Asker: 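One structure is given below, represented as structure tokens, and several questions about it will come after.
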Amino acid sequence: MAAEDPNIRPGPPPASAPTSRELPPVRPPSGRFIAQLFLVPGLIVFFVVLLVVAINSMFVGGQTADQFLVRLDSDNTDIRWRGANDLAQVLKRKESVHLRTDVGFALDLCERLDKAVKTLDADEAAIADSVKKSGASPNENTYRKLEPQRNLVNFLTASLGDFTFPVGVPLLCEMIAKEPGADTANGTLRRRTAVWSLANLGASIKEFRSLKPDQQALILAKLHNEEKSESLVRRQAAKNALKYLGEPVDVKDPELIAVDESLDYASKSQDQYLRELVGYTFNFWDGPRAPEVLRRLSRDTGFGTALETAPPQSP
Amino acid sequence: MPQPDENGFVKRGFILLAGMSLLAATVLTIVFYRPEQQRPTVEIEDLPAKASEPGWKIRYNAAAALLRRGSDDAPWGVVAEMLDEKQQLKNCEVARSDGSVIPDQAMARNFVLAGLKALKEWPKKAAEAGRNDAAVPPDVVAKVDSLLDNPDRELAAFAKKTKQAIEK
């Protein structure tokens, strides 16, 4: 045997074929390999995102002031109130500071809210008259067709509370002073929304003080320009905004509104929740009547009603 | 007969499994651990017999607004009631579907916190109005003291800050 024969030296071990247990040779990845792994998926994701953004801007609606106004001026009531709903949500976002400081946009919204409230009041009065003439008693379906217009009013009212300057004061105070009409539930909800928006507005004014001086100066300059506007709504809104931002105003001007007087009126309402909101709102507003109103509310006996109202439905 | 672990694959596999388990346990703990849930709840057996008189929310909002103005007409009785945790638990009782009644502890806590926050501002606002000798009545101070050892840490911490503010 070869292993025992001292004259036969064992040679080198025979070369063996690679077995399945051996790893493939290591090579650096080629450019094509890298492109397959990263570039192609990256391009796919990019085009998908582009498609989503395009669909969003074409069909869902944009978020500039002009785009919101186009939706609010639509002939379709559903587009109007959905636009107002989107606006109410967008204004609250931190990145929407350019909208919250846009004087022209705020005043445009005031005009639209004023028009929407007048239209709604007229429609409600017309329905109440026809119900009265027919002798039937109103039920939950009586005012159902006014739902989109009511939503528009409620969302626009809420939006005014998010601006950094109080242009909404005259309209909000007017809504607070208006007693609920034939439809008590919705009239009550509108008043509550107005008071709540006024409270938010009081808190939002602090944001004005944190703006840069040149931004503040620009806003004040635009408001001063609007003081001479021919539109009563814009003129009144601008004057009251300047008053509550601490600018010198003519105190005898009949177009100036006293917030504390409106809240005083609301504090005597039969609606318990409205009185509760008034007390809260006085954390942000002041006036000669504030201490007396708060003292009275601190002795409140819970008289009146605690009406349950459903908030406006978001889409 | 088990194969010998010549290349250490099995051993490395177990080490990896142990590492992954530890990682998963850490992540799950971070996700699900809720220290608030372990907060001891307030004793609800000895609540007052009756809730506050109707209109209490209206009175509380007005009292808080008066405190934030540093008013010398602050309704101290209402403030003391706001800081009474058991009274707030009674006020915030809700009915369950089976008809039994339990207090909404989170809502009750919010009312007490609101009272503490408003009271904390009162001395500073009163001083700004020129009333440096204005003092919080002893019964209200006693209510604040009773909250210093509250099992709710946030409530106790705020009670401490309020106590420091009203003692200055």
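The chains referred to below are lettered A, B, ... by the order of the sequence lines, with proteins before strands, and numbering in each begins at 1. Just so you know, these numbers come straight off a predicted model, no measurement behind them.
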Asker: For the interface with chain B, which of A:Ser298, A:Gly279, A:Pro291 has the highest count of heavy-atom pairs at distances below 4.5 Å?
Answerer: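 If we count pairs closer than 4.5 Å to chain B, A:Ser298 comes out on top.
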Asker: Return yes if a side-chain donor-acceptor contact under 3.5 Å exists between B:Gln88 and B:Asp84, otherwise no.
Answerer: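 Not at all, the side chains of B:Gln88 and B:Asp84 share no donor-acceptor pair under 3.5 Å.
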Asker: Between A:Phe284, A:Tyr273, A:Phe282, who has the most heavy-atom pairs with chain B when the cutoff is under 4.5 Å?
Answerer: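 Ranked by contacts with chain B, first place is A:Phe282.
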Asker: Is the shortest distance from a Lys or Arg side-chain nitrogen in A:Lys268 or A:Asp264 to a carboxylate oxygen in the other one below 4.0 Å?
Answerer: yes
Asker: What part of A:Arg299 is in contact with chain B, defined as an atom under 4.5 angstrom from a non-hydrogen atom: side chain, backbone, both or neither?
Answerer: backbone
Asker: Could you tell me which of B:Gly55, B:Ser71, B:Ala64 has the largest number of non-hydrogen atom pairs under 4.5 Å with chain A?
Answerer: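 Max contact count across the listed options: B:Gly55.
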Asker: Does this structure show an ion pair linking A:Lys239 with A:Glu255, if we count only N-O contacts that are shorter than 4.0 Å?
Answerer: yes
Asker: Whether B:Arg59 and B:Glu53 form a salt bridge (side-chain N of Lys/Arg under 4.0 Å from carboxylate O of Asp/Glu) is what I want to check.
Answerer: no
